[in-house]
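Hydrogens, waters and symmetry mates are skipped; everything else that's a heavy atom, side chains included, is used. Quick note: residue numbers are just sequence positions, from 1. All values derive from a computational prediction rather than experimental measurement.
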Amino acid sequence: MFELFKNLGTWLTSGSQWAGSDGIAHRLGEHLQYSLLATLIAAAIGLPLGLLIGHTGKGAFVAINLASFGRALPTVGLVVLVFLAGGLSMLPVYVALVALAVPAIVTNTYAGMTAVDPDVKDAARGQGMRGHQVLFQVELPLALPLIMTGLRLALIQVVATATIAAYVSFGGLGRYVFDGLAQRDLVQVLGGAVLVAVVAVVLDLLLSTLQRFLFRHRTA
């Protein structure tokens, strides 16, 4: 076991392992590209939907159950299905990652909107605010902490799952996991898994720090 971790340390710190098109730096860039783009697309879908159903109270049952259905979808199975329908491209990977991220964004956005005190919304309307003004000036600012939590959860899930890009012969840190399994190279498999875990933890810490900074006045 000690020898395994020693070899893992050597693998992670070797300069040659970080260089080139198959190096850690390049694979890390690919992994971040897949993860961030998929999360942005999911946010573009999930945030308006969550805000809409939270503000109007309409369609909540359908939207939340669809979100739960999306969470239950087997990611690899979805990749294979879209791959068979659309051919070899990154589309199946992005479809699967977006489907994974949308539920957390929708449910947390909806939860944040419904957590806003109805009396606060009534007071805003009593001051003459229109529907969109209540949404963007009252409900959204109060719901932002939960919305941010949903985005954090979605991003971490996507980072952890973006290894599936290597399943259909693309890049990212999953390349080390799948190639290592094919070559029976346990050090490479563990290296890829460790790198994915580190990226997920670092991104979560960054978003957590940003969230505390943005809402520090609420706890002051």
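For the pair T39 (side chain) and S35 (backbone), a donor-acceptor distance under 3.5 Å is present. Put simply, the side chain of S14 never gets that close to the backbone of T10: no donor and acceptor are under 3.5 Å apart. Checking side-chain atoms of N7 against main-chain N and O of E3 turns up a donor-acceptor pair under 3.5 Å. With H55 contributing its side chain and M113 its backbone, the two residues share no donor-acceptor pair below 3.5 Å.
Partner V198 forms a side-chain contact (heavy atoms from CB on, under 4.5 Å) with one of V201, V194, L195 and no other, that one being V194. Screening V98, L203, L97 against V158 for a side-chain contact (heavy atoms from CB on, under 4.5 Å) leaves a single residue, L97.
Closest approach of G174 and H31 over heavy atoms only: N-ND1, 4.2 Å. The nearest pair of heavy atoms linking Q188 to Y176 is CG-O, 3.4 Å. Among all heavy-atom pairs drawn from I105 and L47, the shortest one is CG2-N, 3.7 Å. Scanning all heavy atoms of the two residues, the minimum distance from L153 to A104 falls at CB-CB, 4.3 Å. In terms of heavy-atom proximity, P103 sits nearest to T107 at O-OG1, 2.7 Å.
Note that CD of Q33 and CE of M90 are 7.5 Å apart. Values are rounded to the nearest 0.5 Å.
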For a side chain to side chain contact (heavy atoms under 4.5 Å, CB included) check, start with the C-alpha distance between L12 and Q17, then their side-chain angles and the critical distance, and finish with the verdict. CA-CA 7 Å; L12 288 170; Q17 188 60 50; over 6 Å; no
